[in-house]
Asker: 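First the structure, which I've put down as structure tokens, then a few questions once you've had a look.
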Amino acid sequence: GMGSSLTALPTVASTIAGAEKTLAAMGARTMYVTVPDLEKPPEALKSRLPDALILEGALQGDMIGSSNSAFVEKLRSIPTVWILGRPQNAWGDVVGSNDFEVGSMAARSLLDAGHRDLAFVNPKPDHVLFQRREDGFRAAARRGGAESVLSFSEPPTEGWHLPLQAPEHVEVVQSLVDKIIDASPRPTGIFTAADSIAVLVYRALAIRGLVVGRDFSLVSGNNDVSLIAGLHPSLTTFDVNAFSIGQQAVRQLAMRLRHGPEMPGVEVFLAPQEVVGESVVPLKD
């Protein structure tokens with residue numbers, strides 16, 4: 001269910017690279033297959049299913065739960081580890097980042113700079129990973145003394161369609177940014193659900209004559225270096241250790257193959273690390 005723009009995102013690509021390198025080191029015979037439509041399995045998987053699966057899927061919507069595909073039912077019987085996150089109603093183990101902590105760290109970063117009116121921006125409200133980041137952000141903000149925590153979480157007017165794509169156009173966040181500008185009290189600290197969204201928020205603010213680091217402080221998550229390298233001021237974000245997630249997913253799959261279905265389901269979440277930029281500035285009295 002993922003379009004090429006999603007699989008090309010640095011975090012996703014790095015996670016896959018980590019898995020591929022570790023699989024090769026372990027001597028596994030691997031096959032990389034994309035499945036944009038669950039009702040139309042690729043020819044490569046029709047004749048013989050693999051012994052085990054490392055899966056990365058679209059983390060919004062309920063494609064798997066609503067699917068009547070016999071192909072999906074066959075996949076459910078195979079030892080599986082999802083990387084980055086497990087879609088709604090999916091099966092198997094998962095290795096990802098501690099996204100609740102990403103949100104918590106984002107809130108603390110803004111609070112430490114004196115911001116008490118905060119906002120969360122997300123054009124994909126049903127995205128599993130982004131929901132966890134929002135939960136962590138709101139919880140830490142409230143515990144830390146925030147006076148207001150507003151969520152601006154709505155899909156673009158045209159919605160999202162399969163195969164799902166990365167947010168690439170400023171229009172998907174412009175209305176959310178306009179609501180932040182018009183809010184009372186106006187938030188001074190913003191947390192975007194991912195770096196791909198932060199890039200668009202920078203631009204949406206610039207269109208309105210506003211500047212990150214002057215009119216707003218902004219933090220994000222993923223540390224998608226190739227996406228954010230050109231941002232000024234540089235973005236404070238939280239590295240999810242994507243390559244290590246891919247490596248750990250292979251180790252988890254090896255454990256699952258050794259112990260079989262008798263072992264309870266496993267969720268492994270790696271700790272994020274702050275990458276300090278210049279997008280968070282102390283709030284002036």
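Hydrogens, waters and symmetry mates are skipped; everything else that's a heavy atom, side chains included, is used.
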Asker: Pair Asp182, Ile180 - check side-chain contact (heavy atoms from CB on, under 4.5 Å), show working.
Answerer: CA-CA 5 Å; Asp182 294 337; Ile180 291 175; over 6 Å; no
Asker: Are Ser69 and Glu39 linked by a side-chain donor-acceptor pair shorter than 3.5 Å?
Answerer: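 Their side chains do not contain a donor-acceptor pair, so the 3.5 Å distance test is not met.
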Asker: Look at the side chain of His115 and the backbone N and O of Asp112, then say whether any donor-acceptor pair between them is shorter than 3.5 Å.
Answerer: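 No.
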Asker: Would you call Arg86 and Asp93 a salt bridge, using N to O less than 4.0 angstrom?
Answerer: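 Salt bridge: no.
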Asker: Is a side-chain N or O of Ser104 found less than 3.5 angstrom from the main chain of Phe137, in a donor-acceptor match?
Answerer: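 Answer holds: no.
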Asker: Looking only at side chains, do Thr237 and Asn223 share a donor and an acceptor under 3.5 Å apart?
Answerer: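 Looking only at side-chain atoms, Asn223 and Thr237 do not form any donor-acceptor pair under 3.5 Å.
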Asker: Can Ile83 be reached from Phe243 by stepping across I, L, V, M, F, W or Y side chains whose heavy atoms are under 4.5 Å apart?
Answerer: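 The answer is no; the residues belong to distinct hydrophobic clusters.
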Asker: Can a donor-acceptor pair be found between the side chains of Asn89 and Asp62 at a distance below 3.5 Å?
Answerer: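 Yes - a donor-acceptor pair under 3.5 Å links their side chains.
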Asker: Checking Val280 against Phe216 for the side-chain contact (heavy atoms from CB on, under 4.5 Å) test, could you report, in this order, the C-alpha distance in whole Å, the side-chain angles of both residues, the deciding distance, and whether it holds?
Answerer: CA-CA 8 Å; Val280 177; Phe216 294 93; over 6 Å; no
Asker: Step by step, work out the side-chain hydrogen bond (donor to acceptor under 3.5 Å, both in side chains) result for Asp224 and Thr11.
Answerer: CA-CA 6 Å; Asp224 283 329; Thr11 293; 2.5 Å; yes
Asker: Within the 3.5 Å criterion, strictly below it, is a donor on Ser151 or Arg138 matched to an acceptor on the partner's side chain?
Answerer: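 Checked: Ser151/Arg138 side chains pair up, N/O donor to acceptor below 3.5 Å.
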Asker: Assess, by modelled atom type and distance only, whether the side chains of Asp117 and Ser148 contain a donor and an acceptor separated by less than 3.5 Å.
Answerer: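 The criterion, which ignores hydrogens and geometry beyond distance, is satisfied for Ser148 and Asp117.
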Asker: Indicate, with yes or no, if Phe100 and Val94 share a hydrophobic cluster defined by side-chain heavy-atom contacts under 4.5 Å among Ile, Leu, Val, Met, Phe, Trp and Tyr.
Answerer: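 No, separate clusters.
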Asker: Taking Arg108 first and then Glu101, would you say they form a salt bridge - that is, a charged N and a carboxylate O separated by under 4.0 Å?
Answerer: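 A salt bridge links Arg108 with Glu101.
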Asker: Just by modelled atom types, is the Val281 backbone N or O under 3.5 Å from a matching donor or acceptor in the Ser217 side chain?
Answerer: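 Between the backbone of Val281 and the side chain of Ser217 there is a qualifying donor-acceptor contact (under 3.5 Å).
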Asker: For the pair Glu147 and Arg142, evaluate salt bridge (Lys or Arg N to Asp or Glu O under 4.0 Å) and give the outcome as yes or no after the intermediate values.
Answerer: CA-CA 8 Å; Glu147 295 178 8; Arg142 289 299 187 189; over 6 Å; no
Asker: With under 30° as parallel and over 60° as perpendicular, where do the rings of Trp91 and Trp82 fit, or are they tilted in between?
Answerer: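 Judged by the thresholds at 30° and 60°, the geometry between Trp91 and Trp82 is perpendicular.
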Asker: Within the side chain of Ser109, is there an N or O that forms a donor-acceptor pair under 3.5 Å with the backbone of Ala106?
Answerer: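 Here the side-chain-to-backbone pair does not exist.
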Asker: Quick check: does any side chain N or O of Arg132 sit under 3.5 Å from a backbone N or O of Asp99, one acting as donor and the other as acceptor?
Answerer: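 The answer is no, because no donor-acceptor pair under 3.5 Å joins these two groups.
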Asker: Roughly how far, to the nearest 0.5 Å, is CD of Glu267 from CD of Gln252?
Answerer: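 Answer for the CD-CD pair, Gln252 versus Glu267, is 10.5 Å.
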Asker: Starting at OG of Ser97, measure out to CG of Asn222 and round the result to the nearest 0.5 Å.
Answerer: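 So the OG of Ser97 and the CG of Asn222 are separated by 8.0 Å.
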Asker: Roughly how far apart are Asp195 CG and Leu200 CG, rounded to 0.5 Å?
Answerer: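 Asp195 atom CG to Leu200 atom CG measures 11.0 Å (nearest 0.5 Å).
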Asker: Side-chain heavy atoms nearer than 4.5 Å, only ILVMFWY residues, links allowed to pass through others: does that put Ile54 and Leu129 together?
Answerer: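 Ile54 clusters together with Leu129.
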Asker: State which residue, out of His127, Lys124, Gln88, fulfils the side-chain hydrogen bond (donor to acceptor under 3.5 Å, both in side chains) condition with Gln60.
Answerer: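 The side-chain hydrogen bond (donor to acceptor under 3.5 Å, both in side chains) with Gln60 is passed solely by Lys124 among His127, Lys124, Gln88.
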